[in-house]
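Everything on this sheet refers to the single structure shown next.
Just so you know, these numbers use all the heavy atoms, side chains as well, and skip hydrogens, waters and symmetry mates.
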Amino acid sequence: MEEPLRLKGAWTARIITLFPEAFPGTLGLSLTGKALQDGLWGLETIDLRPFGIGKHRNVDDTPAGGGAGMVLRADVVGRAFDEASIGTPPDRARWPVIYLSPRGKPFDQAMARRLASAEGVTMLCGRFEGVDQRVLDHYAVEEVSLGDFVLTGGEIAAQAMIDAVVRLLPGVLGNAASTEEESHSHGLLEHPQYTKPAAWEGREIPPVLMSGHHGEIAKWRRAEAERLTKERRPDLWKDRNDGPNK
């Protein structure tokens with residue numbers, strides 16, 4: 001990819017990683033890639049290795065108290081955070097600092113909207129057994145999880161989260177209605193979608209969608225979204241119906 005433009009004030013992701021070559025990855029494709037080239041958002045990688053200790057630039061050490069694996073050092077990560085903070089506001093609401101961690105708060109659409117409303121975000125992609133807790137506490141780092149599973153590192157999770165955020169930025173999708181009709185936008189899964197041909201392998205498009213009656217179509221879509229949410233994500237359905245205004 002050519003060096004992208006950067007519009008003034010564009011939302012920016014700063015990624016601290018041992019593998020900067022992993023970026024932009026899939027973020028450089030399709031709509032997110034075009035938006036990156038057009039300067040609608042910015043991506044900066046900060047290689048963790050140069051902040052390492054000694055001739056071999058070591059970034060990790062054995063866990064205090066014993067145990068398997070290695071832990072990223074506080075002094076190494078701290079220097080990377082200092083580098084990443086240059087030119088960013090100290091207010092975490094304006095510029096969140098996140099560590100991708102399986103023990104973190106689950107990432108969801110509401111968090112994507114919150115991050116999209118900020119000026120940018122710094123993300124630390126973990127490796128090995130984790131990061132020295134002191135550096136997370138010192139820099140008021142927010143721990144966020146992509147899901148209840150463990151990845152080899154945080155790079156894939158960072159790309160997934162950034163993708164979810166970037167598509168909410170003005171001008172990226174080109175159709176604001178698209179984000180309003182998607183899964184999770186209103187606490188529900190998305191209704192089923194259909195397109196041509198009208199009949200395929202003995203299966204037809206539901207007649208209501210071919211009726212041209214927009215009111216009935218909206219009712220059908222809402223009912224299907226509720227049905228799917230109750231069947232597949234009872235946790236979402238419960239949260240929706242147990243809310244303060246329910």
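Between Ala74 and Val135, the closest heavy-atom pair is O-CG2, 3.6 Å. Closest non-hydrogen pair, Gly147 versus Ser145, comes out as O-OG, 2.8 Å. Taking both residues in full, the closest heavy atoms of Pro89 and Glu119 are given as CG-OE1, 3.9 Å, listed atom of the first, atom of the second, then distance. Of all the heavy atoms in Glu83 and Arg14, the pair that sits closest is O-NH1, 4.3 Å. Nearest heavy-atom pair, Ala198 versus Met210, reported as atom, atom and distance to 0.1 Å: CB-CE, 4.4 Å. Between Ala225 and Leu189, the closest heavy-atom pair is CB-O, 3.2 Å.
Atom CG of Asp148 has 12 or fewer neighbouring heavy atoms from other residues, nucleotides or ligands inside a 6.0 Å radius. Other residues, nucleotides and ligands contribute over 12 non-hydrogen atoms within 6.0 Å of the CZ atom of Arg114. By the neighbour-count criterion of 12 heavy atoms within 6.0 Å, atom CZ of Arg134 is sparsely surrounded, having that number or fewer from other residues, nucleotides or ligands. The number of heavy-atom neighbours closer than 6.0 Å to CD1 of Ile217, taken from other residues, nucleotides and ligands shown, is above 12.
Residue Phe107 is grouped with residue Ile15 when hydrophobic side chains (ILVMFWY) are merged at heavy-atom distances under 4.5 angstrom, including chains of intermediate members. When the side chains of ILVMFWY residues are joined at heavy-atom separations under 4.5 Å, either directly or via intervening members, Leu136 and Val121 end up in two distinct hydrophobic clusters. Hydrophobic cluster membership is shared by Val59 and Val141, with clusters built from Ile, Leu, Val, Met, Phe, Trp and Tyr side chains linked at under 4.5 angstrom. Under a hydrophobic clustering in which Ile, Leu, Val, Met, Phe, Trp and Tyr are joined whenever their side-chain heavy atoms come within less than 4.5 Å, directly or via other members, Leu124 and Met70 fall into the same cluster. Placement of Leu151 and Ile98 within a single hydrophobic cluster is found when ILVMFWY residues are connected by side-chain heavy-atom separations under 4.5 Å, directly or transitively.
A donor-acceptor pair is defined here as one N or O able to donate and one able to accept, closer than 3.5 Å; no such pair exists between the side chain of Thr122 and the backbone of Val97. Remark: side-chain polar atoms of Gln159 are paired, donor with acceptor, to backbone N or O of Thr26 under 3.5 angstrom. Of the possible donor and acceptor atoms, one in the side chain of Trp41 sits under 3.5 Å from a partner among the backbone N and O of Thr32.
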Test Leu168 against Gln109 for side-chain contact (heavy atoms from CB on, under 4.5 Å), laying out the working first.
CA-CA 10 Å; Leu168 298 176; Gln109 193 66 18; 3.8 Å; yes
Please evaluate residues Trp95 and Thr12 with respect to the criterion side-chain contact (heavy atoms from CB on, under 4.5 Å), reporting the C-alpha separation (whole Å), side-chain torsions for both, the decisive distance (0.1 Å), and the verdict.
CA-CA 9 Å; Trp95 195 288; Thr12 300; 4.0 Å; yes
Between Arg103 and Glu143, is the salt bridge (charged side-chain N to carboxylate O under 4.0 Å, His left out) condition met? List the steps.
CA-CA 7 Å; Arg103 72 180 186 190; Glu143 295 189 55; 2.7 Å; yes
Between Val77 and Tyr139, is the side-chain contact (heavy atoms from CB on, under 4.5 Å) condition met? List the steps.
CA-CA 10 Å; Val77 175; Tyr139 288 91; over 6 Å; no
What's the verdict on side-chain contact (heavy atoms from CB on, under 4.5 Å) for Lys105 and Met111, showing C-alpha distance, side-chain angles and the deciding distance?
CA-CA 10 Å; Lys105 178 181 178 181; Met111 188 181 297; 3.8 Å; yes
List the steps and the verdict of salt bridge (charged side-chain N to carboxylate O under 4.0 Å, His left out) for Glu224 and Arg221.
CA-CA 5 Å; Glu224 285 296 295; Arg221 286 175 169 169; over 6 Å; no
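Here the OG atom belonging to Ser117 is positioned 10.0 Å from the CG atom belonging to Leu169, to the nearest 0.5 angstrom. Put simply, CH2 on Trp200 and OH on Tyr194 are 12.0 Å apart, with the number rounded to the nearest 0.5 Å. Here OG1 of Thr17 is found 10.5 Å from CZ of Arg49. Values are rounded to the nearest 0.5 Å. Distance check: Arg94 CZ to Thr88 OG1 gives 9.5 Å after rounding to the nearest 0.5 Å. Of the inter-residue distances, the one linking Leu115 atom CG with Glu142 atom CD reads 7.0 Å to the nearest 0.5 angstrom. A distance of 13.0 Å separates CZ of Phe128 from OG1 of Thr62, quoted to the nearest 0.5 Å.
Within the 4.5 Å cutoff, no side-chain heavy atoms of Met123 are placed close to those of Val144. With contacts defined as side-chain heavy-atom distances shorter than 4.5 Å, the pair Leu188/Trp237 qualifies. At a threshold of 4.5 Å between non-hydrogen side-chain atoms, the residues Phe51 and Ile16 do not count as touching. The side-chain heavy atoms of Leu27 and Leu36, taken from C-beta on, include no pair separated by under 4.5 Å. For the pair Ile53/Val76, a side-chain contact is recorded, criterion being any heavy-atom separation below 4.5 Å from C-beta on. The closest side-chain heavy-atom distance from Trp220 to Ser211 is not below 4.5 Å. With a 4.5 Å cut-off on side-chain heavy atoms, Leu48 and Arg127 do not count as touching. The shortest side-chain heavy-atom distance between Gln193 and His191 falls under the 4.5 Å cut-off.
Contact check on Glu226 versus Lys230 returns no salt bridge, with no Lys/Arg side-chain nitrogen under 4.0 Å from an Asp/Glu carboxylate oxygen.
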